[in-house]
Amino acid sequence: MGIILAIQGAVSQGILWGIMALGIYLTYRILDVADLTVDGSFALGGCICAALVTAGVDPWLSLAAAVLAGMLAGYTTGILHTRCEIPAILAGILTQIGLYSINLRIMGRSNTPLLKLPTVFKQLIELTGLGQSWVSMIVGMLFVAALIALLYWFFGTEIGSAIRATGDNERMARSLGMNTNRNKVLGLAISNGLVALSGALVTQSQGYADVKQGTGAIVIGLASIIIGEVIFGKKTSFGTKLLSVVVGSVIYRIIVAVVLQLGLNTDDLKLLTAILVAAALTVPVLLEKRRRSAAYDPMTDGSSGKGGN
Amino acid sequence: MLKISHVSKTFNPGTVTEKQALRDLNLHLEPEDFVTIIGGNGAGKSTMLNMIAGVYPIDCGTIYLDGVNISRQPEYRRASLLGRVFQDPMMGTAAGMQIEENMALAHRRGRRRGLKWGVTKQEKEIFHEELKRLGLGLEERMTAKVGLLSGGQRQALTLLMATLQKPKLLLLDEHTAALDPRTAKKVLSLTEEMVTEARLTALMVTHNMKDALRLGNRLIMMHDGQIIYDVRGEEKKKLKVEDLLKKFEDASGGEFANDRMMLSD
């Protein structure tokens with residue numbers, strides 16, 4: 001019985017964290033940037049949301065505030081990267097570190113419980129009479145469906161196409177009149193807006209915010225993307241790709257729930273995740289190397305075979 | 001049409017790798033000039049095209065295109081006036097995007113991009129017709145990812161994309177150099193066809209002297225960051241490869257003899 005409850009909780013958590021994974025997908029796969037802002041912006045979403053709800057602001061409104069704050073964080077990284085020409089990874093780290101202090105300032109302490117305060121989930125539990133995990137799951141799914149539809153539309157528009165082109169071939173994008181710097185900033189802002197929304201939803205669902213809640217978020221997001229790609233393959237439509245990221249996030253949470261049930265210490269979880277991602281990124285490289293060395297033949301000149309690229 | 005006045009560019013100034021790529025360069029193009037550019041390695045041919053396109057800022061001088069001072073404009077802004085095809089066939093297209101998406105990106109060169117759909121139905125019809133001109137069957141594969149195409153197909157597509165919105169100036173930077181001879185010939189004849197048909201003003205860098213003589217109404221030779229020879233019209237028509245070689249040897253003091261231009265037929 002315990003395992004089923006644990007898995008149900010894992011699914012609802014996976015969906016809410018899946019929104020963060022969607023944000024990371026935008027930067028990692030579409031803009032081709034590893035954006036480390038997310039550890040900070042995920043916590044930022046949670047902290048803003050907790051501080052506002054504590055101050056008596058409507059929980060829905062505080063979600064919107066979290067999105068705006070996250071976009072501002074992404075914008076900051078974008079400006080550091082494009083205007084100040086700081087490498088993307090370092091720009092993300094700078095924003096992330098800065099956000100740690102900002103998050104502490106926002107909450108005034110390192111964590112904030114929302115025990116007796118309203119959240120979107122509590123409101124819906126009262127309204128529908130369903131249990132916590134079911135409500136989390138339904139709210140999460142509604143958000144995910146709306147966001148995937150929105151992203152699908154946006155990346156089909158002229159601006160969205162320009163952002164995709166910027167990530168695909170920056171020189172070509174500039175030669176065709178696209179302001180690639182602006183596109184990168186925009187992409188980073190949208191991405192971190194999603195990440196902060198996810199942080200705010202997770203905070204409301206678990207009933208507290210913590211300045212450290214974003215630690216390792218980037219790695220969890222990457223794990224979700226990779227798991228999704230393993231299951232759905234890489235050559236799918238854009239909509240399926242977005243869906244696969246969320247499914248990957250759910251599966252990641254189920255894996256975590258199972259290994260915890262099997263007796264793994266929670267302290268070892270981050271190490272496990274890091275190993276999982278490192279392994280998933282390494283395997284394709286090793287397979288390619290093996291394929292190449294297997295295909296090597298000293299007796300042919302290559303001109304008759306499948307040479308080139 | 002294009003007016004380059006006293007443009008200089010030095011790369012890595014003050015270091016051991018300092019290289020003066022352009023020296024007080026001056027060039028004036030008339031509308032519909034189709035200029036071929038030849039010169040040895042490091043002569044400044046590509047640098048000149050990149051300066052016009054705004055890839056790097058110039059150190060001094062001015063560049064006017066169609067009456068607009070573009071000397072200090074960022075690359076993406078000048079793009080509204082320019083069509084470009086690069087030497088590397090991978091450079092001009094986005095591999096992970098569809099053929100029609102790539103063309104739609106090019107179709108919006110110089111226009112404001114908003115929240116309208118990225119590729120419209122009407123555009124797809126236009127693109128279908130345009131792709132037919134290439135004679136490569138790409139019109140039947142419009143939703144295929146560009147990464148699946150060969151180098152030659154990609155280069156032909158880039159050329160088509162560069163002229164989809166009529167550019168004030170077309171910049172061709174050795175755009176057939178990385179292709180096999182047959183494909184290069186095909187892309188070159190497409191180039192000729194498009195430039196003539198749309199009456200474009202164009203600058204074409206090439207290493208092939210025969211092409212340089214056969215195509216266009218004007219030829220310039222560059223050496224050491226300057227234009228050392230500029231010939232047009234009837235005079236150009238009478239030129240032969242030997243004349244060019246001679247010219248070059250005079251200018252460079254014989255060092256040209258082992259340049260790869262000799263090898264191209």
Side-chain angles (χ1 to χ4, degrees), chain A residues 25-33 82-83 85 149-187 190 229 233-242 302-304 306-309, chain B residues 49-50 53-55 73-86 88-98 100-120 123 143 145-148 150-151 154 158 161-162 164-165 167 171 173 178 180:
Chain A
Y25 179 83
L26 299 189
T27 46
Y28 185 64
R29 281 287 183 237
I30 295 183
L31 271 186
D32 197 20
V33 165
T82 57
R83 286 281 171 78
E85 297 184 15
L150 194 66
L151 290 173
Y152 187 85
W153 164 76
F154 178 72
F155 282 97
T157 65
E158 292 171 341
I159 295 178
S161 301
I163 293 179
R164 282 191 292 145
T166 301
D168 193 311
N169 185 344
E170 196 176 338
R171 277 199 66 185
M172 171 261 202
R174 264 201 303 274
S175 79
L176 294 180
M178 291 168 240
N179 186 343
T180 49
N181 280 349
R182 199 189 58 192
N183 289 343
K184 284 189 201 170
V185 173
L186 189 58
I190 294 170
E229 281 174 353
K234 278 191 175 181
K235 287 176 183 165
T236 56
S237 71
F238 185 58
T240 316
K241 275 180 182 151
L242 293 177
S303 59
S304 54
K306 291 171 278 181
N309 39 33
Chain B
L49 261 55
N50 283 332
V55 177
Q73 271 188 6
E75 185 181 359
Y76 73 88
R77 205 164 290 249
R78 301 182 197 194
S80 61
L81 306 169
L82 298 167
R84 287 161 72 191
V85 185
F86 311 91
D88 181 354
M90 307 299 143
M91 197 71 89
T93 43
M97 297 175 78
Q98 299 168 355
E100 61 183 30
E101 286 177 330
N102 270 276
M103 294 184 78
L105 291 169
H107 200 221
R108 283 165 182 69
R109 181 168 55 77
R111 292 196 198 159
R112 252 188 84 85
R113 291 164 211 265
L115 290 175
K116 279 185 288 208
W117 207 238
V119 195
T120 64
E123 277 180 315
T143 55
K145 295 265 164 71
V146 167
L148 298 171
S150 69
R154 281 180 80 162
T158 309
M161 283 163 57
L164 214 47
Q165 284 282 344
L171 300 176
D173 190 358
D180 66 80

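Convention: sequence-line order gives letters A, B, ...; per-chain numbering from 1.
When each of A:Leu176, A:Thr180, A:Asn181, A:Asn169 is checked for heavy-atom pairs under 4.5 Å with chain B, A:Leu176 comes out on top. Ranking B:Arg109, B:Gln165, B:Lys145 against chain A, the residue ahead of the rest is B:Arg109, based on heavy-atom pairs under 4.5 Å. Interface check for chain B: of the options A:Ala165, A:Gly167, A:Ala173, A:Gly160, the most heavy-atom pairs under 4.5 Å are formed by A:Ala165.
Counting only residues at least two apart or on different chains, the salt bridge (charged side-chain N to carboxylate O under 4.0 Å, His left out) pairs with a member in residues 153-167 of chain A are A:Glu158-B:Arg108, A:Arg164-B:Glu101.
In this structure, chain A has a heavy atom under 4.5 Å from the backbone of B:Thr93, while its side chain stays farther away. In this structure, no portion of A:Phe155 lies under 4.5 Å from any heavy atom of chain B. Using a 4.5 Å cut-off between heavy atoms, B:Arg111 does not touch chain A at all. With a threshold of 4.5 angstrom between heavy atoms, B:Arg84 approaches chain A through side-chain atoms but not through N, CA, C or O.
Side chains of B:Phe86 and B:Asp173 form no contact here, defined as non-hydrogen atoms less than 4.5 Å apart.
Ion pair A:Lys184/A:Glu170 flagged as a salt bridge, since at least one NZ, NE, NH1 or NH2 atom sits closer than 4.0 Å to an Asp/Glu carboxylate oxygen. Between A:Lys235 and A:Glu229 there is no salt bridge, since no side-chain nitrogen of the basic residue lies less than 4.0 Å from a carboxylate oxygen of the acidic one.
For A:Glu85 (side chain) and A:Thr82 (main-chain N/O), no donor-acceptor pair under 3.5 Å exists by modelled atom type. Distance alone, capped at 3.5 Å, is enough to place a donor-acceptor pair between the A:Asp168 side chain and the B:Ala95 backbone.
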